[in-house]
Amino acid sequence: MKLGVILTEQARTESTYERLQAEKLSVVLAGNGIYHAVVKADGKPSKVLDKAADFYVLTEDMETRGFTAGDLVDGKIKPIDMSRLVDLIMVEHDKFVWL
Amino acid sequence: MKLGVILTEQARTESTYERLQAEKLSVVLAGNGIYHAVVKADGKPSKVLDKAADFYVLTEDMETRGFTAGDLVDGKIKPIDMSRLVDLIMVEHDKFVWL
Amino acid sequence: MATLTIGCFSSLVGSMSLDFAVKLAKAAKEKGHDVNMWVSGNGTMLSKKGQRAFKDYSYLAKTVEALIADGVQVTACEACAESRGFHKEDTMENFKRHSMDWYLAKCVVSDKVLHIGGE
Amino acid sequence: MATLTIGCFSSLVGSMSLDFAVKLAKAAKEKGHDVNMWVSGNGTMLSKKGQRAFKDYSYLAKTVEALIADGVQVTACEACAESRGFHKEDTMENFKRHSMDWYLAKCVVSDKVLHIGGE
Amino acid sequence: MARELKQLFVIQRPPYKSENPKLALTHAMASQTAEIYLEDGESVVPTLAFVGDGVLNVLNNQQAMKHYGLSSTENHVQMSLLIDLRVLVCKEDLEARGIGEDRLADGSALGADMTIEVLPFSAIMAEMEAADQLLFF
Amino acid sequence: MARELKQLFVIQRPPYKSENPKLALTHAMASQTAEIYLEDGESVVPTLAFVGDGVLNVLNNQQAMKHYGLSSTENHVQMSLLIDLRVLVCKEDLEARGIGEDRLADGSALGADMTIEVLPFSAIMAEMEAADQLLFF
């Protein structure tokens, strides 16, 4: 399945995310999930980024919290806007979930 | 200071709790905080119980979630009711915080 | 073009999740999709009429009114609303109220569903 | 006997934190303490009149009415309420509304404060 | 168009702190009456899967009515079984929390034929794959 | 009775996901007008301490107005400095997140004399000890 996941919390303590599997997996960091893209956790990049997936970050939620694309901790994270997210949901994935 | 702390979440990810210090420290597990008193985390007792403190658990919140005093993972945790909590707050501690 | 149904349980003002849901509905509508929106639990706060705009608080009422005028079906869970004291007369104009089966039925006729749980 | 002021930001129904706050207020009052209660943010949902009792949802309105009748001062943040569309006419009888300074002033004359943040 | 929509409701949060898990259960049960909005031949079949801290929802002996005047989440699980919804619970997540299978809600007191299915996460992942729609709570 | 009440507001949650940190700031600022309810000689002086994920509240360049029509938490921090409230931020928690002190909100644009104080947790713990009342947000 082509699965999209929206992460909106800066703290992920349960293990569902780590265990999710899909042929194609995309992770969208939105809301407070954007912190995984721009700040470190104990000096290291967030473990959320360890997942084998395409990573996106919602630009407006990043900017709302005081960050820009220049702050991304990993070049694999692509900044997107809400219009692009609509395509990810409606066209490019079978299912999209809000974790 | 005599400090009381009420923990009401089953997931504690930030480190404020671990760093709190007081001459007398009491920890009241209420709401979903009761899970620290009765279920394990990855097969071990919750790290919340590692703190040097007096531990209490609110009986009614434990029973609401399907547990009784017989399920407590550590004998040092004392079941209390709301009336006893009032005394802890009003008489036995200087300050009480809801983490 | 396709149909998207968005469900949201999150409270007004507090979590920004409802802000996200409304923004996503708007963006999907602007791209030509049909959009349904279901609010349940504390999400039913979105249906309360008379929300006042202050710059310290999220203010979604105006955007929601525009979405409804634009053909988006926006519906609140009736029982969740009533339990909170939001009755028919408390409800924003053209904001519908139904029981939870409405949401499931909309899912059946939707190409995609995004369910936003949590606070 | 002493004075306790409880502040609560949590939403009605959802989190059970408001249930806790109301229970604690009742228990403190029963032990002879003076109690003040401040609700702000989503906690202002507690002030909405016309909450309906269903067994699937927390129902606090009746207990709050009894507390108020018993001399507990229960006050909602006016701006937080207004932003959510809760106006004076939406408010439970004898449930007060003030700006945030009321809470701080009550803290000054209280022996103990329990502030319940979070959702 | 005749169509049976398969939905998987994945509940990952514990009960009571959030209304979310209970709403998952009440929404799933609403599938029974959704047909009033549907065309002939259309139907919706939700399945409930409890994972992570969500497994704490399905415990027995929940006394929410006694202490909060609130119907328990256990009661909603029993009702879901009574109307023949499948209720899946993650085996590894129960074990990690030290919760035995004897502690799980039982619908038979209400007359349910269905029982809770305790499954490894891989089997729940396969259900996610097979579902037409996925809703996380 | 003449009395100055010292309150410490400890903010441990990140901004925006919860309204909580912003309410901490607006409540603290309300201390300016609390005297209308108080006797002569009584006053309340809140201090704000940001710890854990709470340090994410005090960053500069927050664009909440542009994207959500909402005044930013940064703006509330600046206003707090403007009315001479002390704003403390935990040094270790900034460092663990890789946030430099050049990224912190600055009240001088609004005319504030006060600046954010970056302090080790031990110093914030001492403030908790010294406060008459502790409110966690």
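Proteins get letters first, then strands, A, B, ... in listed order; numbering begins at 1 in each. Both backbone and side-chain heavy atoms feed into the values below; hydrogens, waters and symmetry mates do not.
Among F:G98, F:P14, F:A105, the residue making the largest number of heavy-atom pairs under 4.5 Å with chain A is F:P14.
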Anything under 3.5 Å between chain F and chain A that's a donor-acceptor pair? List each one with its distance, please.
unit_1, atom_1, unit_2, atom_2, d
F:P15, O, A:N32, ND2, 3.0
F:D53, OD2, A:Q10, NE2, 2.7
F:Q63, N, A:E63, O, 2.9
F:Q63, N, A:T64, O, 3.4
F:K66, NZ, A:E63, OE1, 3.2
F:H67, NE2, A:E63, OE1, 2.7
F:Y68, OH, A:D61, OD1, 2.4
F:A96, O, A:D42, N, 3.1
F:A96, O, A:G43, N, 2.8
F:R97, O, A:K40, N, 3.1
F:R103, NH1, A:D71, OD1, 3.2
F:R103, NH2, A:G66, O, 2.7

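The structure places CZ of A:F67 at 6.5 Å from CG of F:L56, a figure rounded to the nearest 0.5 Å.
Not counting sequence neighbours, the partners of A:A37 by the side chain to side chain contact (heavy atoms under 4.5 Å, CB included) test are A:L29, A:V57, A:L72, A:I77.
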Side-chain polar contacts of residues 28-35 of chain F - donor-acceptor pairs under 3.5 angstrom, sequence neighbours left out - could you list them?
unit_1, atom_1, unit_2, atom_2, d
F:S31, OG, F:A28, O, 2.6
F:T33, OG1, D:D101, OD2, 2.7
F:T33, OG1, F:A30, O, 3.2

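Applying the ring pair (Phe, Tyr, Trp, His ring centres under 6.0 Å) test to every pair with at least one member in residues 93-137 of chain F, sequence neighbours left out, gives these pairs: D:F9-F:F137, D:H115-F:F137, F:F9-F:F137.
Residue F:M114 places its CE atom among more than 12 non-hydrogen atoms of other residues, nucleotides or ligands, all under 6.0 Å distant.
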